[in-house]
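Take a look at the structure below.
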Amino acid sequence: MKTNTIQNLEGFSGTILIPVFETYAKSLVPIEFHGISVHSKVFYGKKDTHYVVEKYDCTHIFIGLGAAIDYKSLKTTFRRISAKQKDLLGTTVALVLPEQFTVEQVEATISGLLLGTYDLGHFKKTDKHPFLNDDFELSILSKNDFIETTNKALKIAKAQLEILNLVDLPPNVVTPKYLSNWANETGKKFGFEVETLGFEASKKAGLGAFLSVGKGSENEPQFVIMNYYPKNANAKTKHVGLVGKGITFDTGGLNIKTAGMVHMKCDMAGGAAVFGAMQLISDLKLPVKVTAIVPCAENSVDSKSFLPSDVIHSYAGHSIEIIDTDAEGRLILADGLSYLIKNFKPEYIVDIATLTGSAVGTFGYECAALFTNNEAISKKLQESGDAIGERLWQLPLWDSYKSDIESDIADVKNYSGKPFAGAISAAKFLEYFTEEHKAWAHLDIAGVAFGDDEFAKSKHATAYGVHLLTKFIENL
Ligand code: BES
Ligand code: ZN
Ligand code: ZN
């Protein structure tokens, strides 16, 4: 989607989007715009309402914002107009930006409009959204210059659209190889380096915990390593490490899932968030060095699958007793974290994963679970999330939980065997592989990566984390 700025509506014909802050249900003063008078009886800017008026060769869509509106609601409002009023959006569309709109509000509005082009019917014969036509240009009517903000908003939505695709496409399409190909192509396009270790290279490197998970699958595991170097990087340039869980499908392995397996194509959503963040960070040319690792594998059922009670050997040299093959995410993340720390030594580390049902049990679909021993990082992550409606809430990493991962036969075990505090013991397991790094955070996004909303009948991707990780890095 391209955009241009206009000063007035003279000579304009097409669709005009007019955001309106709430007035008053019984207001005697009508809303006046472009020679149109809208009485409060039919529309007064109430949140989640809109009103269409056809006049002067133009379709006017008045869009209610309520008295005050947060970033996420604003984005959803415009995603809704773009997705559900598609038939009213012809080849020429103008967006009116209210004078009081902040930079953030402009960003949310434009991002929302582009996100509204997302269509879950990947395998259906459907018409292209008008905004996706090559020659489509959105005219922005504003007194202020929002060109930079507009471009940023489009980049954010573009990265999020990529990730919606990756997560919603089925696991017979999105295999580990598909993800490493995506990373290679995107790296070339946006300017970050990509190296992938397949089965043989991972074996040679000693990524034993990672490889044990993919053993039962026909699809070769791929350990994807990405590096983004900003221009003019120097000794003072900050260095962030990201690790994302890239399980393309989680059957549970031999501890096969008895509930919810149908949703488990979402188990690479943490990895996808890291991929999306890499695209966005390089697209925005952020002045921070970023190393990102996404171990990609499929957790399948087969005679070659790893077994409950197996003892495996991780990259860091720690032995792990497998209590449950469904606790596979922490195994691939353990090797991801160890590889990152040993080979790249980043100053800050964030891992992100659809790790536990326990995180869903604790927070439902409202926020991700955050674990860290670094208060400054905790604050930065929470502030970044609050600003864009991708919320986080912190849970403890107390050492009293350490006994949950103590094994008799090996250095650690992958599951406590207890039906409680599952998100915390998973985080303690990961912590064991962080070499006491002083600035590590773990985000369990099992409840927020894949959900129900007004845009589809079934659960689908949310792209949670793409913007959050990018904003966190931007705010460092
Ligand atoms: N992929 C799941 C976690 C999950 C649950 C993701 C719900 C998205 C939605 C993870 O690999 C898993 O199976 N976790 C188990 C661990 C248990 C066996 C120790 C869980 O949380 O039940
Ligand atoms: Zn699992
Ligand atoms: Zn999983």
Side-chain angles (χ1 to χ4, degrees), residues 155-156 158-163 165-167 174-199 201-202 205 207 210 214 220-231 233 237-248 268-297 315 329 332-353 437 440-443 445 463 465-474 476:
K155 287 176 181 180
I156 294 168
K158 245 169 80 180
Q160 290 173 325
L161 285 169
E162 281 295 314
I163 273 38
N165 276 305
L166 285 183
V167 178
V174 180
T175 57
K177 191 77 195 158
Y178 185 98
L179 291 177
S180 64
N181 286 341
W182 184 93
N184 268 308
E185 280 158 30
T186 310
K188 274 188 205 120
K189 211 157 128 198
F190 289 87
F192 57 87
E193 287 176 3
V194 183
E195 186 196 354
T196 303
L197 311 183
F199 177 80
S202 298
L207 294 161
F210 166 61
E220 187 189 356
Q222 304 279 304
F223 193 82
V224 182
I225 305 155
M226 294 162 280
N227 269 297
Y228 162 73
Y229 304 99
K231 262 207 178 123
T237 306
K238 292 191 170 117
H239 184 193
V240 179
L242 302 174
V243 182
K245 173 176 173 182
I247 294 291
T248 56
M268 36 62 78
V274 168
F275 285 136
M278 284 308 277
Q279 168 174 326
L280 186 53
I281 289 159
S282 30
D283 204 6
L284 295 173
K285 300 192 170 47
L286 296 187
V288 178
K289 186 176 159 193
V290 186
T291 304
I293 294 187
V294 182
C296 304
Y315 180 78
I332 67 165
L333 291 173
D335 273 359
L337 287 165
S338 303
Y339 195 92
L340 176 74
I341 292 166
K342 184 169 176 214
N343 298 288
F344 299 101
K345 303 178 186 59
E347 241 173 301
Y348 307 89
I349 302 177
V350 182
D351 77 68
I352 178 162
H437 194 285
W440 160 71
H442 158 59
L443 316 182
I445 60 165
V466 174
H467 196 184
L468 171 69
L469 292 173
T470 307
K471 203 165 179 75
F472 166 70
I473 289 174
E474 210 177 7
L476 264 181

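The distance from atom CD1 of Ile473 to atom CG of Leu468, rounded to the nearest 0.5 Å, is 9.5 Å. For the atom pair CG of Leu166 and OG1 of Thr248, the computed distance is 11.5 Å after rounding to the nearest 0.5 Å. The OG1 atom of Thr470 sits 8.5 Å away from atom CG of Leu242, with the distance rounded to the nearest 0.5 Å. Rounded to the nearest 0.5 angstrom, Asp335 CG and Leu340 CG are separated by 12.0 Å. In this structure, CG on Leu333 lies 7.0 Å from NZ on Lys245, to the nearest 0.5 angstrom. Note: Leu337 CG to Ile349 CD1 = 6.5 Å, rounded to the nearest 0.5 Å.
Residues Pro221 and Pro176 approach most closely at CA-CB, 4.2 Å, considering heavy atoms. Of all heavy-atom pairs spanning Leu179 and Cys296, the tightest one is CD1-SG, 3.8 Å. Across every non-hydrogen atom of Gly191 and Tyr228, the tightest pair is O-CD1, 4.0 Å. Shortest non-hydrogen contact noted between Pro295 and Val243 is CD-CG1, 4.4 Å. Across Ile352 and Ala273, no two heavy atoms sit closer than the pair CD1-CB, 4.0 Å. Taking all atoms of both residues into account, the shortest heavy-atom contact from Val194 to Gly187 is CG2-CA, 4.2 Å.
Every residue meeting the ring-ring contact (aromatic ring centres under 6.0 Å, His included) condition with Phe223, not counting sequence neighbours, appears here in chain and number order: Phe210, Tyr339. Taking Glu162 as the reference, Trp182 meet the side-chain hydrogen bond (donor to acceptor under 3.5 Å, both in side chains) condition, with sequence neighbours excluded. Checked against side-chain contact (heavy atoms from CB on, under 4.5 Å), Ala233 has the following partners two or more places apart in sequence or in another chain: Pro230, Thr237. Shown here are the salt bridge (Lys or Arg N to Asp or Glu O under 4.0 Å) partners of Glu474, two or more places apart in sequence or in another chain: Lys152. With sequence neighbours excluded, the residues that form a side-chain contact (heavy atoms from CB on, under 4.5 Å) with Lys177 are Thr175, Ser180, Asn181, Gln222.
In this structure, the side chain of His467 does not engage the main chain of Gln160 through any donor-acceptor pair within 3.5 Å. Between the side chain of Glu347 and the main chain of Lys238, no donor-acceptor pair closer than 3.5 Å is present.
Residue Tyr178 places its OH atom among 12 or fewer non-hydrogen atoms of other residues, nucleotides or ligands, all under 6.0 Å distant.
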Please walk me through it: do Asn343 and Tyr315 pass side chain to side chain contact (heavy atoms under 4.5 Å, CB included)?
CA-CA 12 Å; Asn343 298 288; Tyr315 180 78; 3.1 Å; yes

Using atom types as modelled, flag every donor-acceptor pair under 3.5 Å from a side chain in residues 274-292 to any protein atom, sequence neighbours excluded.
{"unit_1": "Ser282", "atom_1": "OG", "unit_2": "Met278", "atom_2": "O", "d": "2.5"}
{"unit_1": "Ser282", "atom_1": "OG", "unit_2": "Gln279", "atom_2": "O", "d": "3.3"}
{"unit_1": "Thr291", "atom_1": "OG1", "unit_2": "Asn227", "atom_2": "OD1", "d": "2.7"}
{"unit_1": "Thr291", "atom_1": "OG1", "unit_2": "His239", "atom_2": "NE2", "d": "2.7"}

